[in-house]
Each structure stands twice: as C-alpha cells, then as structure tokens.
**Student:** 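One structure is given below, represented as structure tokens, and several questions about it will come after.
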There are 2 protein chains.
Amino acid sequence: MNAEHKSKSLDGESGDKTLSGLTTEALREAIIQGEIPPGEKLNEPQLAERFQVSRGPLREAIRRLVGLKLIEHVPHVGARVVTLDLPKVMELYEVREALEGKAAALAAQNMTDEQITDLGRLLDHHRVHFEQNQGEYLQEDGDDDFHYKIIQSCGNALLSHQLCHELYHLIRMFRFQTSRLKSRSDHALKEHTQLFYAIEQRDSQLAEILIRRHINRAKESIRNALLNNET
Amino acid sequence: MNAEHKSKSLDGESGDKTLSGLTTEALREAIIQGEIPPGEKLNEPQLAERFQVSRGPLREAIRRLVGLKLIEHVPHVGARVVTLDLPKVMELYEVREALEGKAAALAAQNMTDEQITDLGRLLDHHRVHFEQNQGEYLQEDGDDDFHYKIIQSCGNALLSHQLCHELYHLIRMFRFQTSRLKSRSDHALKEHTQLFYAIEQRDSQLAEILIRRHINRAKESIRNALLNNET
DNA sequence: GCCTTTATTATTGTCAACAATATCAATTTA
DNA sequence: TAAATTGATATTGTTGACAATAATAAAGGC
C-alpha cells in the first residue's frame with residue numbers, strides 16, 4: 001500500500017484504515033486527477049500490483065467507486081473509468097441544480113447563526129483573494145468550497161451525502177480535466193454574495209432560485225466553452 | 001445459489017448472472033421485504049451459507065448494497081441493514097422532491113408523444129382500478145408505477161439512475177414496512193391526473209410545481225401517520 | 001457484587017490459487 | 001484477401017485458508 005493520501009478525505013471514511021478503504025481513496029484520486037484516464041479499462045492484477053494489495057481489496061475498492069459513479073462495471077468484462085462528455089456533464093449539472101436548490105432552501109431554514117457567520121467569513125476570504133489576485137476566483141475543494149459549506153449545513157444528511165459523497169467527485173474529476181477553462185470569476189463572487197444574503201435572511205425560496213440560476217449559468221458556460229473548444 | 005428472483009429486476013443489472021450479482025439481488029429483496037430486519041447486523045458466514053455462495057461474492061453484494069444505501073458498513077465491525085426512522089424518511093422525501101421535481105420538468109420537455117400517450121394509458125388503467133375497487137389506489141412497482149415512468153422518460157440518465165436505482169429501493173423498503181398505512185388514494189389519482197396534463201401540455205414549470213407539492217403532501221401524510229402510530 | 005483486566009472466540013479483512021469467461025492470435029475456409 | 005473457426009492466453013469471478021480485529025467470556029481485584 002504505497003499510495004499517498006493527497007487530499008482531504010471528503011467521504012466520511014477517513015477512519016477506514018483497511019486496505020480496501022485506503023485503496024478506494026488512492027484509486028479515486030488517481031481517477032479524479034487523470035492518472036488513470038477517462039475511459040480506461042481497469043486491469044485488476046496491474047492495479048493490485050500498483051497499490052500493493054491483493055485483488056480482493058482492489059475489487060472492493062472498484063465496487064465502492066462504482067457506487068460513486070466514477071467507474072462503470074460490466075460482468076465478466078471488467079471495470080472502466082467513466083468518461084465525462086458534454087451530455088453527461090449537462091446531466092450532472094441538472095442533477096446538481098435540483099439537489100443544491102433543495103440544499104440551499106433547507107440551509108436557509110436550518111443553518112445556525114454561527115454557521116451563517118462562518119459562511120460569511122469564507123465569502124469575505126474569497127472576496128479578498130479576488131481583489132488581490134486580479135479578479136481570479138479562488139476555487140477551493142472541500143471544507144473551503146462555498147457550495148460545499150452550504151450543503152454540509154443544510155440539515156439533510158441524505159442530501160449532503162448525495163451531493164458531497166457521490167456527485168462531488170464527478171465534479172472534481174470534471175474540473176481537473178477542464179482546468180484550462182476560464183471560470184466565471186466575476187459573476188461567481190456576485191452570485192455567491194446574493195445567495196449568502198438570501199440565506200442570512202432565511203429566505204429559502206429566494207436561496208433556491210438564486211443557486212439554481214447560478215448553477216444553470218455555470219452549466220451554460222461550460223456548454224459554450226466545450227463546444228467552442230471542439231471547433 | 002438458491003435464492004429465487006422474486007421481482008422484476010429494476011436496477012439495470014438483469015444481465016448479471018454472476019454469483020455476486022445474483023446475491024446482490026437476493027440480499028436486496030430480503031432487506032426490502034423485511035426478511036432481514038432493519039438494524040440487523042449482517043453475519044457474513046451465515047449469509048454466505050444462506051445464499052450458498054462463498055464470502056467473496058457475498059462481500060461484493062454487501063458493498064453494492066452499501067452503494068444503494070440499504071446497508072451501512074463500519075470497517076472491522078461489519079455491515080448492518082439501515083433503519084428507516086421518521087427523520088430519515090423525511091430526508092428521503094426531501095431528496096425525492098428535489099429530484100422528481102427536476103425529472104418532471106425535464107419530462108415535460110423531453111418525453112416523446114408516444115411516451116406521453118403511454119403514460120396516459122397507465123393513468124387510465126389506474127383510474128379504472130380505483131373505480132372498480134372502492135377507491136383503492138393501485139400502487140404498483142417498477143414499470144407500472146406512475147412516477148417511475150415519468151422518471152424513466154425524463155431524458156437525464158444520471159437523474160433516472162439516482163431515483164430509480166438508488167433511492168427507489170429505500171422507498172420500496174419503507175413502503176413494505178408501512179404497508180398497513182392508508183395511502184392517499186383519493187388525492188393521489190387527482191394529483192397524478194393534474195401532473196399528466198401539465199406534462200402533456202409541455203408545461204415544465206407547472207409539472208415541477210405539481211409533483212413537488214404531491215411529494216410534499218405524501219411526506220406530511222407519512223409524518224402524521226407515523227406520529228399518530230407512535231402515540 | 002461490581003468493575004477492570006486478561007484470555008478466548010467469532011467475525012471481518014486479506015491472500016493466493018483455481019474455475020469460468022472473454023479476448024486475442026493463429027489457422028482454416030470460402 | 002477477407003471472414004469464420006479454433007486454440008491459446010489473459011482477465012474476471014470464486015473459493016477456502018490464514019491474518020487481524022472486535023466482541024464476548026472468564027478471571028482477578030476491590
């Protein structure tokens with residue numbers, strides 16, 4: 001087991017020191033960061049050797065990543081890393097819109113005052129970074145991601161799990177392979193600020209509308225960028 | 001492998017004749033139908049004997065059902081069937097509301113005329129049953145479930161998968177253990193009819209609103225029923 | 001009698017070998 | 001020469017045994 005833990009463990013399994021658990025994380029990161037490219041067939045003996053485990057825990061890790069939709073498995077044929085083409089990314093953003101809409105609505109109802117203050121502080125931090133770095137939006141992973149913080153505080157564990165443990169890794173994978181795309185820095189900060197005010201005022205309908213528009217705009221921006229890059 | 005295939009395979013794995021696949025289905029049904037009760041600790045050697053497979057495929061099946069949220073797994077301790085208490089069911093219905101709202105909106109845009117005609121036929125079938133059976137709503141599983149049919153036709157495969165392959169089994173499990181609760185027969189048929197018209201008219205916003213209200217009412221009805229049954 | 005510590009047992013996690021299936025390469029046929 | 005068939009190889013699926021950990025039972029101390 002020589003794989004290194006490269007990022008914060010975001011999947012609630014940080015206590016899992018079994019080989020299967022550690023292999024799951026290492027394989028997940030290798031996929032997200034493109035070390036194992038999209039579409040690639042997963043060869044069990046090779047991967048087991050790479051991660052220095054036997055095929056048992058490696059198979060368990062693969063099964064677990066099938067559950068996260070990072071891997072597709074065909075009986076008797078084997079497992080393959082998913083490919084995130086434009087149609088799939090569009091689907092992903094549609095699901096995200098629905099779930100994050102609900103999450104924001106619930107967050108506006110359920111977040112504690114302290115959590116809201118924390119969120120405001122994070123937003124301030126992003127604003128300072130934006131101003132000091134020639135308009136570059138600070139896109140952070142995990143605990144310091146604006147969306148993530150809202151989702152984690154929405155008060156619906158199943159919803160948080162769907163977004164943060166199942167879809168989030170797909171989003172990370174997509175971000176990694178499209179890191180050259182310019183993000184909507186100027187708009188993102190404004191929209192996050194609007195959203196923050198809605199949550200602060202406990203206006204759950206407005207919070208839902210705002211975040212859904214925000215994600216829809218991101219979706220359209222991605223669509224345009226990918227279509228333009230294809231021509 | 002003596003387990004019998006008791007219901008239509010709803011999870012797109014009907015071609016999976018591996019022991020792991022067959023065990024997954026058998027174990028899933030045993031959980032949904034309460035043969036293995038909520039909260040129960042899963043004992044690998046016993047279950048392997050029960051399903052007449054070795055522990056390997058049984059462990060794979062457990063992992064796969066962890067991905068469907070029917071089982072919770074703790075490293076080194078083991079796996080346990082989830083319990084669906086009131087708070088969790090409420091969470092489940094909130095997630096369902098968000099996803100089915102989006103699915104209905106997409107269905108109103110994307111369903112073919114033929115699919116809409118089929119949906120209307122299913123609704124007629126349910127209406128006839130309602131009238132001939134003293135107001136009892138026909139609650140069917142799988143392909144003949146009204147909601148399921150809309151979701152399957154919404155045109156977003158990821159969304160369909162989330163609802164039909166991940167959350168649907170939890171809902172089935174809940175329905176099974178609460179089968180004595182009276183369903184909202186009279187209202188359900190009316191609301192389904194309203195929803196059908198919205199989709200037929202391609203009014204995606206109305207479709208979303210209607211199905212979200214419908215699911216929210218079901219959620220409140222469940223809350224009341226469970227709270228009354230507790231007193 | 002209750003609490004703590006130690007020992008035993010059972011279960012979970014892993015490994016390596018064998019069985020089953022798909023894929024690839026070589027040969028044959030049209 | 002291309003397509004079909006056959007055989008060999010590699011990979012996936014499964015099994016049973018061993019290792020590691022947790023749970024349970026027994027022993028000791030207050």
Side-chain angles (χ1 to χ4, degrees), chain A residues 1-3 5 9 11-28 30-31 36-37 39-68 70-82, chain B residues 1-3 5 9 11-28 30-31 36-37 39-68 70-82:
Chain A
M1 195 59 221
N2 66 352
H5 186 63
S9 172
D11 60 3
E13 297 187 347
S14 51
D16 193 348
K17 295 291 192 285
T18 63
L19 291 184
S20 152
L22 295 168
T23 308
T24 301
E25 294 188 18
L27 182 57
R28 191 192 69 213
I31 286 169
I36 304 176
E40 172 138 328
K41 176 88 187 320
L42 301 179
N43 180 302
E44 291 180 14
Q46 281 176 19
L47 284 176
E49 185 176 343
R50 172 178 174 169
F51 295 123
Q52 290 184 23
V53 296
S54 72
R55 282 180 48 235
L58 189 273
R59 286 181 65 84
E60 291 212 10
I62 287 172
R63 282 290 174 197
R64 289 162 79 162
L65 295 185
V66 168
L68 296 195
L70 292 173
I71 291 176
E72 292 169 331
H73 179 271
V74 176
H76 286 299
V77 174
R80 189 176 292 277
V81 177
V82 294
Chain B
M1 195 56 219
N2 67 351
H5 187 60
S9 174
D11 58 5
E13 298 188 348
S14 50
D16 191 349
K17 295 293 194 285
T18 61
L19 291 184
S20 152
L22 295 169
T23 307
T24 302
E25 295 188 21
L27 182 56
R28 191 190 72 213
I31 287 169
I36 305 177
E40 173 136 333
K41 176 90 189 313
L42 299 180
N43 180 303
E44 289 180 12
Q46 282 177 18
L47 283 175
E49 184 176 344
R50 171 177 173 167
F51 295 121
Q52 289 186 23
V53 295
S54 75
R55 285 181 48 237
L58 189 272
R59 287 180 66 84
E60 289 211 11
I62 287 172
R63 282 290 173 197
R64 289 162 78 164
L65 295 185
V66 168
L68 295 194
L70 292 173
I71 292 176
E72 291 169 333
H73 181 270
V74 176
H76 286 298
V77 174
R80 189 176 291 277
V81 178
V82 294

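Below, chain A is the first sequence line, B the second, and so on; all start at residue 1. Since the model is a prediction, treat every value here as computed from it, not as a measurement. When reading the values below, keep in mind they use all heavy atoms of this one structure, side chains included, and skip hydrogens, waters and symmetry mates.
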**Student:** How many angstroms lie between CG in B:Leu42 and CD in B:Glu72, if you round to the nearest 0.5 Å?
**Tutor:** 11.0 Å

**Student:** Check nucleotides 6-11 of chain C for protein N or O atoms closer than 3.5 Å to its own N or O atoms and list the pairs.
**Tutor:**
residue : atom : partner : partner atom : Å
C:dT11  : OP1  : B:Asn43 : ND2          : 2.9

**Student:** Taking the side chain as every heavy atom from C-beta outward, state whether A:Leu27 and A:Leu70 have any atom pair closer than 4.5 Å.
**Tutor:** no

**Student:** How do A:Ser20 and A:Pro75 order along DNA chain C: which one's closest nucleotide is nearer the 5' end?
**Tutor:** A:Ser20

**Student:** Measure from CG on A:Asp16 to C1' on C:dT14 and round the result to the nearest Å.
**Tutor:** 14 Å

**Student:** Output the rounded distance in Å from CD (B:Glu60) to C1' (C:dT12).
**Tutor:** 16 Å

**Student:** Can you list everything that forms a side-chain contact (heavy atoms from CB on, under 4.5 Å) with A:Val66? Sequence neighbours excluded, please.
**Tutor:** A:Ile62, A:Ile71, A:His73

**Student:** For B:Glu44, what residues pass the salt bridge (charged side-chain N to carboxylate O under 4.0 Å, His left out) criterion, not counting sequence neighbours?
**Tutor:** B:Arg55, B:Arg59

**Student:** What is the distance from atom CD of B:Glu25 to atom CG of B:Asp16, rounded to the nearest 0.5 Å?
**Tutor:** 7.5 Å

**Student:** If I compare all heavy atoms of A:Pro37 with all of A:Val81, which pair ends up nearest, and what's the gap?
**Tutor:** O-CB, 3.6 Å

**Student:** Could you tell me if the side chain of B:Arg50 sits less than 4.5 Å from the side chain of B:Ile36, heavy atoms only?
**Tutor:** yes

**Student:** Tell me every residue that passes salt bridge (charged side-chain N to carboxylate O under 4.0 Å, His left out) with B:Glu40, counting only those two or more places apart in sequence or in another chain.
**Tutor:** none

**Student:** What are the atom names and distances for every N/O pair under 3.5 Å that joins the protein to nucleotides 15-17 of chain C?
**Tutor:**
residue : atom : partner : partner atom : Å
C:dC15  : OP2  : A:Ser54 : N            : 2.7
C:dC15  : OP2  : A:Ser54 : OG           : 2.6
C:dC15  : O5'  : A:Ser54 : OG           : 3.4

**Student:** I'd like the 5' and 3' limits of the part of DNA chain D contacted by chain A, with heavy-atom contacts below 4.0 Å.
**Tutor:** D:dT11 to D:dT14

**Student:** Please name the residue in the list B:Leu65, B:Thr18, B:Leu58 that meets the side-chain contact (heavy atoms from CB on, under 4.5 Å) test with B:Thr24.
**Tutor:** B:Leu65

**Student:** Side chains of B:Arg64 and B:Ser20: donor-acceptor distance under 3.5 Å anywhere?
**Tutor:** yes

